[in-house]
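First the structure, in the form of structure tokens, and then the observations on it.
Letters A, B, ... are given to chains in the order of the sequence lines, protein chains preceding strands, and every chain is numbered from 1.
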Amino acid sequence: MATGVFSQGRAKISERTLRTDKWWIQPLITFGVLFSFIIYATWRAFEGAHYYAEPLISPFYSPCLTTDCVNGSSLLGTPFGHIVLFGMALSPAFIILIFPLGFRMTCYYYRKAYFRSFWMSPPACAVAEPHAKYTGETKAPLIVNNGHRYFFYIGLVFNTLLTIDAFLAFKNPQGQWGHMSIGTVVLLLNATFLWGYSASCHSCRHAIGGRLRHFSKHPIRYKAWTIVTKLNTKHQNFAWVSLIWVAFSDFFVRMVSLHPTWNKYFF
Amino acid sequence: MARTLKLRIWRGDDKTGGLQDVTVEANHGEVVLDIIHRVQATQMGDLAVRWNCKAGKCGSCSMEINGKPRLACMTQVASYPEDEVITITPLRAFPVIKDLVTDVSFNYKKAMEIPAVVMPEGMKPGEPRMQQVDVERSQEFRKCIECFLCQNTCHVIRDHEENKKSFSGPRFFIRIAELDMHPLDMLRNRKKTAQEEHGLGFCNITKCCTEVCPEHIKITDNAIIPMKERVADEKYDPVRWLGSKIRRREEVL
Ligand code: SF4
Ligand code: SF4
Ligand code: FES
Ligand code: FES
């Protein structure tokens, strides 16, 4: 049985869409960037090396929690041993990456991004999707998206840790404070973008004041809500900038670990 | 300055139909609805089109122009390049009646399924007072002109006829959000019914409703996502759920 735009009773038009603009460009770019990120992050997570170049640590590996962590890279100690899954040794990145990954997978903005570009439901507005059935976020596994707030809270812990990492980058490789390098700037920007991403999150907006029915009875929360609301309109931008910068920060740390002189010190 | 326009207009009914080529003159500053009227007056006397205000305020002239859901009275002819053929079809999510006119009664049925605001007991008309900050949030949703372009674009029903029974659509999510955010509304099961009866969970926030809304209502950011978060408070957040059980009452915030 034909469904969707080809359903009985609807205007008989054989095209799936009559749009004449280049509607496929946007999903294609989104797909390209997200896919590249996934490939890069997966490769780096498996690499299990070059993630620490004193005092810089890659955001993919922080906090470093297993006994495999290289000397000095573990801010919170190493409560976990060597991890082996199905006979394969896993790097310390694996036990933590699941959280930022979950945060982004359940993010209201990324949902739009991947539902359009990966799942094509729909690829663009008024372009018929290729699926015969659709239940949206009413069933497992997508129903998990309703738990976005938990990932948001865990994300705040990560933001705090990555901010500490950025401050530790005011040391020199010998461990003395009061120095600053390109790496310091890279990690500071990384923390800033991540805080921007979290602060503009829709769950944050809800928790801060969106839940209220009487703004007038909660003037301080209302004020806070108006600020988060302003940031919230830029959530998409924060999502992209923070994603790309996390990858760049990791790349930078990797390069410094291979070529220590790349990390120029300003003072 | 006049220009000659090439059009393809869909003509037919619920059984059969197709695109017909038309060539027509267009004057400077005209909108697509003007052109349709000229075609009607000069070449296709029985062309069916629904319109009313010609000012983007009645929501009657919704159709699809070059595949994009739009108001014909707000679409400038000049926004299309000189050599472009403009294709005009009826809305593709609803049953067609004739030519450019569709049967949008689905939306009226869904509207009836949402109970109106319930005022606190004993409160008489004229008594309620609302603060400006509380009014503002719902004021945005009140701009809706019921053009149903958002409903037409939403892939949940546009691409899946069978979902129509369990999904009310973005226009009605803003209505539910407006009521759930209303400081005085006493009906407190709106989150539950939003999820269980109106199909809020079907929406995957791909934002096409917001993209096509001629009133620029931020349907997803200001109504659907806040409603999803409110539903999560009640249904998917064990911490909040436990809290509400211990206090044994729904918080009046
Ligand atoms: S955001 Fe949700 S309601 Fe709006 S068009 Fe997309 S699926 Fe439909
Ligand atoms: S919300 Fe916007 S697009 Fe939807 S019916 Fe109202 S005015 Fe039209
Ligand atoms: S992080 Fe994107 S909505 Fe929460
Ligand atoms: S005729 Fe009223 S909105 Fe177009």
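- Summarising the geometry, atom CD belonging to A:Gln8 is positioned 8.5 Å from atom CG belonging to B:Asp14; distances are rounded to the nearest 0.5 Å.
- The stretch residues 229-250 of chain A places A:Asn232 near chain B, each with some heavy atom under 4.5 Å from a heavy atom of that chain.
- The part of B:Glu211 that comes within reach of chain A is its side chain, from C-beta onward, which places non-hydrogen atoms under 4.5 angstrom from that chain.
- Among B:Lys207, B:Gln131, B:Arg137, the residue with the largest count of heavy-atom pairs under 4.5 Å with chain A is B:Arg137.
- Using non-hydrogen atoms only and a strict 4.5 Å limit, the part of residues 136-152 of chain A facing chain B consists of A:Gly136, A:Glu137, A:Thr138, A:Ile143, A:Asn146, A:Arg149, A:Tyr150.
- Going from atom NE2 of A:His214 over to atom NE2 of B:His182 covers 9.5 Å, rounded to the nearest 0.5 Å.
- Contacts of B:Tyr236 with chain A are made by both backbone and side-chain atoms, with heavy-atom separations under 4.5 Å.
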* **Verdict with reasoning, A:Lys217 to B:Val133, per side-chain contact (heavy atoms from CB on, under 4.5 Å)** => CA-CA 10 Å; A:Lys217 283 192 188 162; B:Val133 290; over 6 Å; no
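- Looking at B:Ile157, only its backbone comes within 4.5 Å of chain A, counting heavy atoms on both sides.
- Both the backbone and the side chain of B:Asp185 come within contact range of chain A, with heavy atoms under 4.5 Å apart.
- Neither the backbone nor the side chain of B:Arg11 has a heavy atom closer than 4.5 Å to any heavy atom of chain A.
- Between B:Lys68 and A:Asp21 there is a salt bridge, since at least one side-chain N of the basic residue sits less than 4.0 Å from a carboxylate O of the acidic one.
- In this structure, CG on B:Asn163 lies 8.0 Å from NZ on A:Lys133, to the nearest 0.5 angstrom.
- Counting heavy-atom pairs under 4.5 Å between each of B:Val96, B:Thr206, B:Asp180 and chain A puts B:Thr206 at the top.
- Using bins of under 30°, 30° to 60° and over 60° for the plane-to-plane angle, the ring pair B:His155/A:Tyr134 lands in the perpendicular bin.
- Taking CD of B:Glu162 as the start and OG of A:Ser7 as the end, the distance is 7.5 Å to the nearest 0.5 Å.
- Counting only residues at least two apart or on different chains, the salt bridge (Lys or Arg N to Asp or Glu O under 4.0 Å) pairs with a member in residues 148-158 of chain B are B:Glu64-B:Arg158.
- Contact residues of residues 113-127 of chain A toward chain B are A:Phe115, A:Arg116, A:Ser121, A:Pro122, A:Ala124, A:Cys125, A:Ala126, A:Val127 (heavy-atom distance under 4.5 Å).
- Looking at B:Glu84, only its side chain comes within 4.5 Å of chain A, counting heavy atoms on both sides.
- For B:Lys98, no part lies under 4.5 angstrom from a heavy atom of chain A.
- Heavy-atom contacts from other residues, nucleotides or ligands closer than 6.0 Å to CE of B:Met119 number more than 12.
- At a 4.5 Å heavy-atom cutoff, B:Lys218 makes no contact with chain A through either its backbone or its side chain.
- Between atom CZ of residue A:Arg111 and atom CG of residue B:Asn204 there is a gap of 8.5 Å, rounded to the nearest 0.5 Å.
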* **Residues B:Lys228, A:His202; criterion side-chain contact (heavy atoms from CB on, under 4.5 Å); working and verdict** => CA-CA 10 Å; B:Lys228 282 198 178 236; A:His202 287 275; over 6 Å; no
